[in-house]
2 protein chains.
Amino acid sequence: MNKPMQLSSTKASSSIYDLLRRDLVGGRFKAGEKLAINTLKEQYQVGLSPLREALNKLAAYGLLIQENQRGFRVPKLSREELDDIARLRTELEGMALERAIAHGDAVWEADLLAAAHRLKRADITLDKGEEWERLHTHFHRTLVAPCGSVWLLRFIEQLHDQFDRYRRLGPKMPTIRQELDEQHHELVELALQRDATAARALMDDHIHKSYEVALARYQQHA
Amino acid sequence: MNKPMQLSSTKASSSIYDLLRRDLVGGRFKAGEKLAINTLKEQYQVGLSPLREALNKLAAYGLLIQENQRGFRVPKLSREELDDIARLRTELEGMALERAIAHGDAVWEADLLAAAHRLKRADITLDKGEEWERLHTHFHRTLVAPCGSVWLLRFIEQLHDQFDRYRRLGPKMPTIRQELDEQHHELVELALQRDATAARALMDDHIHKSYEVALARYQQHA
DNA sequence: TTAGACAGAATAATCGATTTTTTAATCCAC
DNA sequence: GTGGATTAAAAAATCGATTATTCTGTCTAA
């Protein structure tokens, strides 16, 4: 693995859970890799108990595999799983978007515009793209936020993290991102127009395009 | 809370995680209750570390709320959440059932018949209904098992556990269960006939009836 | 009388050390 | 040599004790 160190934390206030989650989603651990607890302890400068509790939470969340008495392992990646995640994302986020368009109020509209704008303005080269990633996640979360289902939002978040394990393989490529960025703004427009059908269709296409990026990354990841 | 003790474990081999999960789903802790870790330690006869790791996993799974530096709490119940869970169950399990009917093979058909039969034969008075609950969970899991999506199955399982926190409030009432039991067999029939549309409609109705039971329990739970 | 500060008790979180289990290497019998 | 048991090393899991935090009741000052 390439060392994450404690440096990967921007905010000193972040918990070990958040740091590990970010590093797992960001691909700083190899898929299938076995985590050496004592090494992690040193790299993240934390005690054993908080570390183990974080690892347990991440395993329950699906970002780690816990093996009987043999520690924690980063889940393998597979074409089948990527397809599964993309398909479910399409269905769940489509569902959530329709509901959000039905229930979202004026505050939501404002939040959406703000989130899209900040995403557009984000400096993609900054901090290895972490800042862009943060804003991107926030945009998608804002989009479906007023769907009215806590559990649906929870599942969508989880799928996003899993999807990003594929999408964020390898180096950053700002080329394709251009097209995806435009879709973000179109999504906002359709949401403001309350055109649920068109918005959902665009969302389907958006996820599909992201899927193609993720698939390409996965296939050349050796 | 009414003491769960270690007695609530049938199999001595069960992990503290499984025991706690069962007791949380089975309603042996009051909703909103704060868990006293030292008490749990004695009641379940486990050490602090394994206990805390189990609690952390359960919090990530959604059966507990973890509050900053103030320990763990059993999530509150609400009408809104019950509605949310029931609605999502309808959508996700319907989706999974359609896919299972499309992909399930002969082994699945046999498993289904077996699971339905065992459920019917189960002695509902035995072990406070725990055995029936186990078989009931297994039947529903079997029904959707070949849907082809690991993540969908995971979410459905999670929603089942959450739903059961409502359905299993208060004492057991075998009266309404009769009707639900019949639907299990009808579901098997439609699955074997590969009638996805009818099966899905019946599943919708089945979840709706269960929802009415759960709602009634919730409303009289004071 | 009451709001706020303080002290003591209770509880949660963390640490360092120990125990258990797994993994790897070595040895011996065949 | 090869396969299987034995043992040494490594790692994971757990334990007991310590530290930090929150909670609760009391006291004081306005």
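Letters A, B, ... mirror the listed sequences (proteins, then strands); counts begin at 1. The basis for the numbers below is simple: all heavy atoms, side chains too, and nothing from hydrogens, waters or symmetry mates.
Rounded to an integer number of Å, the gap from CD of B/Q45 to P of D/dT14 is 15 Å.
Applying the salt bridge (charged side-chain N to carboxylate O under 4.0 Å, His left out) rule to pairs touching residues 39-58 of chain B yields A/R52-B/E53, A/E53-B/R52, sequence neighbours excluded. Among residue pairs with one or both ends in residues 111-139 of chain B, those qualifying as ring-ring contact (aromatic ring centres under 6.0 Å, His included) are B/W132-B/H136, B/H136-B/H140, B/H136-B/H184, B/F139-B/H184; sequence neighbours excluded.
Although no hydrogens or angles enter the test, the distance criterion places a donor-acceptor pair under 3.5 Å between the side chain of B/D84 and the main chain of A/V150.
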Contact string for nucleotides 5-18 of chain C, one letter per nucleotide 5' to 3', B = base within protein heavy-atom range under 4.0 Å, S = sugar-phosphate only, - = neither, reads ------SSSBB-B-
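By the salt bridge (charged side-chain N to carboxylate O under 4.0 Å, His left out) test, B/R141 is found to be paired with B/E157, residues two or more places apart in sequence or in another chain being considered. Remark: A/R73 engages A/E67 in a salt bridge (charged side-chain N to carboxylate O under 4.0 Å, His left out) (not counting sequence neighbours). Residues satisfying the salt bridge (charged side-chain N to carboxylate O under 4.0 Å, His left out) criterion with B/E212, sequence neighbours excluded, are absent altogether. In this structure A/H221 satisfies the ring-ring contact (aromatic ring centres under 6.0 Å, His included) test together with A/Y218, sequence neighbours excluded. Listed by chain and residue number, A/E91 satisfy the salt bridge (charged side-chain N to carboxylate O under 4.0 Å, His left out) test with B/R99 (two or more places apart in sequence, or in another chain).
Overall bending of the helix from C/dT1-D/dA30 to C/dC30-D/dG1, expressed as the angle between end axes built from five pairs apiece, is 10° (10° steps).
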